[in-house]
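Numbered from 1 within each chain, the chains take letters A, B, ... in sequence-line order. All values derive from a computational prediction rather than experimental measurement.
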Amino acid sequence: DAKTTQPNSMESNEEEPVHLPCNHSTISGTDYIHWYRQLPSQGPEYVIHGLTSNVNNRMASLAIAEDRKSSTLILHRATLRDAAVYYCIFNFGNEKLTFGTGTRLTIIP
Amino acid sequence: DSGVTQTPKHLITATGQRVTLRCSPRSGDLSVYWYQQSLDQGLQFLIQYYNGEERAKGNILERFSAQQFPDLHSELNLSSLELGDSALYFCASSVGTSGTKDTQYFGPGTRLTVL
C-alpha cells in the first residue's frame, strides 16, 4: 500500500522555520518522495521531491532519512502564504495511491 | 499557473445525469492523471493515460470512464451520477510515464455538484 503518515495539523509563527514530518515505511528503493501543498479550492502545487539525498529548491528543503522510511519538509522562513495542507506522497500511479489527509499548516502572524 | 487547464470550473447537475470533464495537459506532457477529492476523503487517484493509452487504474468506478485523445487532451466521463459523486475533480499531467519519479502538475479542478 502506498501509505504515508503525517500529523493532522501543525502551527508555526511567521518567519520561523517549519519542519513537517512524514513516515513512509513501505517505500521501495526506487520510489521518489514527493511533497505537494494545497490551498483551499486550488489544485495541489508541487513543492519538492527526492530519492535519497537531501534536496533544496527555492521553496523548501527535503531531508530524507538514511533508511528512507521517513522524510521532513523544511520551510526555512514561513510566511502567511505558506498556510496550506501539505501532502507527502510516493509511488504516483499506484492503484492504491491516495494523498491521505496531509498536514494542515497554520501560520501565526 | 501550472499550465494544466480544466473545464468547466463548476458543474451542477442532477442525479442520474452524465457529464464530461475536460483537461488539457501542459505543453510537452504525455501523461494525464485524474483525481477525485471529496470533503471527507483525501485526493484519490482514479486513472492515468500516457500518450493515448491507459497506463494505471486506481479507485475508478465502473460508471466513470476516461480517454486521452491524439492531441493529448483528456476527458473524464461520469454517468448515472449519484449524490456521492459531488467532489472536486483534478487533472494532472507529467512528462513521462514513471509513476514514481515524474513530477505531476495539477490543474485548478472542476467542482461537480450533484443535486
Side-chain angles (χ1 to χ4, degrees), chain A residues 1-9 22 24 26-53 55 57-60 62 64 68 71 73 84-104, chain B residues 1-6 9-10 21 23 25-26 29-50 53-61 87-113:
Chain A
D1 223 0
K3 184 172 168 57
T4 59
T5 304
Q6 300 176 253
N8 286 335
S9 62
C22 178
H24 31 77
T26 63
I27 195 169
S28 78
T30 57
D31 286 332
Y32 280 70
I33 299 149
H34 299 256
W35 282 81
Y36 283 75
R37 68 183 186 184
Q38 187 177 22
L39 278 68
S41 297
Q42 292 189 27
E45 175 190 28
Y46 167 77
V47 177
I48 200 166
H49 76 292
L51 183 62
T52 55
S53 311
V55 184
N57 66 20
R58 64 173 180 82
M59 288 182 73
L62 177 59
I64 301 171
R68 298 198 348 109
S71 62
L73 178 70
V85 178
Y86 286 78
Y87 298 98
C88 134
I89 311 110
F90 64 95
N91 204 2
F92 275 119
N94 183 296
E95 65 270 15
K96 296 184 179 121
L97 172 69
T98 170
F99 273 46
T101 52
T103 296
R104 182 173 300 278
Chain B
D1 183 356
S2 67
V4 178
T5 60
Q6 289 186 250
K9 204 164 186 175
H10 301 277
L21 312 183
C23 167
R26 292 188 324 155
D29 284 358
L30 297 178
S31 273
V32 168
Y33 308 77
W34 286 97
Y35 293 85
Q36 179 193 56
Q37 186 173 38
S38 307
L39 268 178
D40 57 349
Q41 294 187 20
L43 267 161
Q44 301 261 349
F45 166 66
L46 297 178
I47 198 163
Q48 176 200 0
Y49 278 82
Y50 174 75
E53 300 287 328
E54 183 184 304
R55 189 74 183 189
K57 216 165 186 175
N59 297 313
I60 189 166
L61 300 172
L88 269 167
Y89 290 84
F90 290 104
C91 162
S93 73
S94 69
V95 170
T97 185
S98 169
T100 183
K101 183 179 176 183
D102 287 346
T103 296
Q104 293 188 19
Y105 296 90
F106 284 77
T110 293
R111 182 175 293 280
L112 173 66
T113 303

In terms of relative ring orientation, are Tyr46(A) and Tyr36(A) parallel, tilted or perpendicular, with 30° and 60° separating the classes? perpendicular

Interface moiety of Gln38(A) toward chain B, non-hydrogen atoms closer than 4.5 Å: side chain

Side chain, backbone, both or neither of Gln6(B) within contact of chain A (heavy atoms, under 4.5 Å): neither

With Pro25(B), which of Val95(B), Leu30(B), Val32(B) fulfils side-chain contact (heavy atoms from CB on, under 4.5 Å)? Val32(B)

Do the ring planes of Phe90(B) and Phe106(B) sit parallel (below 30°), tilted (30 to 60°) or perpendicular (above 60°)? perpendicular

With a 4.5 angstrom heavy-atom cut-off, which part of Arg55(B) approaches chain A: side chain, backbone, both or neither? neither

If you count the non-hydrogen atoms of other residues, nucleotides and ligands that lie under 6.0 Å from CZ in Arg104(A), is the total more than 12? no

